[in-house]
Every structure is written in C-alpha cells, then in structure tokens.
2 protein chains.
Amino acid sequence: MAEVTIGMASKLTEIKIPTIRYYEEIGLISPRARTESNRRLYAETDLSRLRFIRHARELGFDIEAIRAMINLQAHPEKSCSEIDQIANKHLADVNRRIAGLQALKRELSRMIEGCNCGRIDECRIIEVLQDHGQCKNDHSHMNEKFK
Amino acid sequence: MAEVTIGMASKLTEIKIPTIRYYEEIGLISPRARTESNRRLYAETDLSRLRFIRHARELGFDIEAIRAMINLQAHPEKSCSEIDQIANKHLADVNRRIAGLQALKRELSRMIEGCNCGRIDECRIIEVLQDHGQCKNDHSHMNEKFK
DNA sequence: TCTTGATCCTCTAGTCACTAGAGATATTAG
DNA sequence: CTAATATCTCTAGTGACTAGAGGATCAAGA
C-alpha cells in the first residue's frame, strides 16, 4: 500500500489533522517522509503507531505513558513487564477515579434530594455547598484526577 | 470578626493564594476592600463565597456552573429550580463519567490479564492497543470527560 | 491551459483552571 | 534597625489539544 497524505491518515486513524501534527511536534512519531513539495507522507507503520496512540489516549493513558510504551516497543526483545506495570498503574488510577466519582455521585444525589425547589434563600444545594460541615463524605483526599 | 488578609483567607478556606487572586481576576468574587497599602481584605461573606466555590469545584462543577449559581444567589427570592437543574445536569455527567470509566476498567483488566509478561514483541497489551478490532467495548461514544 | 476549490504548509494564539516565578513593596518580630 | 515574612503585579508555563491567519500546492473540470 502506498503512502498517504495527512488528510487520508487523519481519516484512516480518526485523529484530527492538527493533532497528528501536534504528535509529531512532541516527538511521538518520528519525522515523516515528505513529498518534494514538503507534504507529509504516512506509511502503514505510521498509521499503526497513530492508531496505537489514539487507542491508548482513549483508554486514558497520558502522553508520557504512551511515550514510554513507544520507547519500549523499540526494544522488542525486552520483557514486557514494564508495559504491564504502566497498564497496572493506570488501572489503579482508573479505580481511584471511579471511587472518587461514586462518592461524588452520592453527595450530589443527597444534595439534590434535599432540594424541594423553593426559593433560593432556602435552597438546600447552596446550603450544602456553602457549609462543608454538612458534607458527610470527606473527599479532601481527592486529587485533580477525580474532578 | 475583623477582615483578614489573603494569607489568612487562604488558610481559612484552604484555597491557595494565587487561586484566590485568579478567582478575583475571572470575576467570581467582586473587587475586594483593600488596605491603604493595597492589600486585599476579606470579610466573612467573602470567605463564605470562597468556601462555596471550593466545595463546588471539589464536586466537579466547572467555573461557569459556579458563576451561574453565584448569579442566582444574588436573587434569593427566585425559585431555586435553576440551581437544581445545574446540579442534576452535573449528576448526569458524573454518571456518564462513571459508566465510561467502568468500561475502561473492564478493557484495561482484560488487556492486563492477557499479558503473560513475555517479550515485548509478543505483548498482548501492545497488540490490543495497536489493533482496535480486538477491542470488544466500543467507547467511541466517550467524550473528553471520560479520558 | 486556466481556474477554482480542496488540501496542505508553518506559525501563533487560545482553551481550562490553575501554578510558578520574578521583582518590587510592605509589614511584623526581634 | 534589620531581617524575615507577606503581599503586590505581571508574565509565562502546564496538558493535550484546537482554531485561525496567511501562503503554497494539487487535482479536476471548462
């Protein structure tokens, strides 16, 4: 199969054109072949890497984790335990996020239940938000990831 | 109680100093009283609003939702159904995020289980990430919030 | 062959919700 | 009086893109 332009690569991988260029800029894909008129050309291996990046991003891996995995792929003879570690770390993170969101859901539900849609000056939602003491769940442990 | 400086306000509300200034910049808290030497002074009502903002942020409301709620608080005679609506919209969003993360968790788990930590060139994690076809869960519906 | 429209290029700036740092001034404790 | 701490404003950086300007190139139809 011949090489394709960025527009075609975008269609095939479902990654937007500026995003593909961005991935190149930050070094996730190595400098491309170009046409005489300086247009990027992508081969099947490039598309494959782009799909890898896209799927990993969809699964919530951050760019640095993806970069690490790509670097590891450059040494196929090594053990894949490092990749396994990255995936496990990410799974743990996902589990923490789920737990955080579920606590959040409970609190939101309780807050909404308490609201009988009267006047704002007797609104339970505002009350709860204003007075942290009314909050039964301690989510001070929550970090950015949960929010 | 007397008015306090930004450092004290920061301690009392557990919001970092630059963040308080940022909230002022974007108009979440109205222009402060200042000392003769131009230092910000916060009264109890200001602290109350800061706590409201902090708690709402912790619960994942975005700045615009918080701004809307603050504007509604300025009209305490109105019905609080709008606030209820904001909270319900947010709850629905939280539910979607939980569902997305749970799908993600299933996929990550399956991926990790399949990995027997051999050589990278036979790593199931990389395989799965490279070939979307192997993925049983369709998470194309997932938006940024889930990632 | 000319022209039109689609595609591509690079570069800069904007998004969100902060966070960090520079350099200057002011207050407080000893 | 001095030194340490707290505050001020302003600018720039974060992550992972997204949007737009302004210009070059390509493919297809007249």
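Quick note on labels: first sequence line is chain A, next is B, and so on, each numbered from 1.
Listed by chain and number, the residues in a side-chain contact (heavy atoms from CB on, under 4.5 Å) with B:Ala65 are B:Phe61, B:Asp62, B:Ile86 (sequence neighbours excluded). In this view, A:Arg67 and A:Glu64 satisfy the side chain to side chain donor-acceptor pair (under 3.5 Å) rule, not counting sequence neighbours. Shown here are the side-chain contact (heavy atoms from CB on, under 4.5 Å) partners of B:Thr13, two or more places apart in sequence or in another chain: B:Ile15, B:Ile20, B:Leu47, B:Leu50, B:Arg51. Among residues two or more places apart in sequence or in another chain, the side-chain contact (heavy atoms from CB on, under 4.5 Å) test is passed with B:Gln102 by A:Ile98, A:Gln102, B:Ile98, B:Arg106. Residues forming a side-chain contact (heavy atoms from CB on, under 4.5 Å) with B:Lys16 (at least two apart in sequence, or on another chain): B:Pro18, B:Thr19. By the side chain to side chain donor-acceptor pair (under 3.5 Å) test, A:Thr35 is found to be paired with A:Ser37, residues two or more places apart in sequence or in another chain being considered. Take A:Glu25 and apply the side chain to side chain donor-acceptor pair (under 3.5 Å) test, not counting sequence neighbours, and it matches no residue.
For the helix from C:dT1-D:dA30 to C:dG30-D:dC1, the angle separating the two terminal helix axes comes to 10°, with each axis derived from five pairs and the value rounded to 10°.
Under 4.0 angstrom from either OP1 or OP2 of D:dA16 there lies no side-chain N or O belonging to A:Thr19. When the side-chain nitrogen and oxygen atoms of A:Lys16 are compared with OP1 and OP2 of D:dT18, one or more of them lie within a distance under 4.0 Å. Contact annotation: B:Tyr22 does not reach the phosphate of C:dC16 (side-chain N/O to OP1 or OP2, under 4.0 Å).
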Please produce a list of atom pairs where a protein N or O lies less than 3.5 Å from an N or O of nucleotides 5-9 of chain D.
| residue | atom | partner | partner atom | Å |
| --- | --- | --- | --- | --- |
| D:dA6 | N3 | B:Arg39 | NH2 | 3.2 |
| D:dT7 | OP1 | B:Thr5 | OG1 | 2.7 |
| D:dT7 | OP1 | B:Gly7 | N | 3.0 |
| D:dT7 | OP2 | B:Gly7 | N | 3.4 |
| D:dC8 | OP1 | B:Arg40 | N | 2.7 |
| D:dC8 | OP1 | B:Arg40 | NH1 | 3.1 |
| D:dC8 | OP2 | B:Arg21 | NH1 | 2.4 |
| D:dC8 | OP2 | B:Arg40 | NH1 | 3.3 |
| D:dC8 | O5' | B:Arg40 | NH1 | 3.4 |
| D:dC8 | O3' | B:Asn38 | ND2 | 3.4 |
| D:dT9 | OP1 | B:Arg34 | NH1 | 3.2 |
| D:dT9 | OP1 | B:Arg34 | NH2 | 3.4 |
| D:dT9 | OP2 | B:Arg40 | NH1 | 2.9 |
| D:dT9 | OP2 | B:Arg40 | NH2 | 2.8 |

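Per the geometry, CD1 belonging to A:Ile53 stands 13 Å off C1' belonging to D:dC17, to the nearest Å.
Across B:Leu28 and B:Ile66, no two heavy atoms sit closer than the pair CD1-CG2, 4.3 Å.
Where A:Glu36 and A:Pro18 meet DNA chain D, the nucleotide closest to each residue was compared, and A:Pro18 sits on the side nearer the 5' end.
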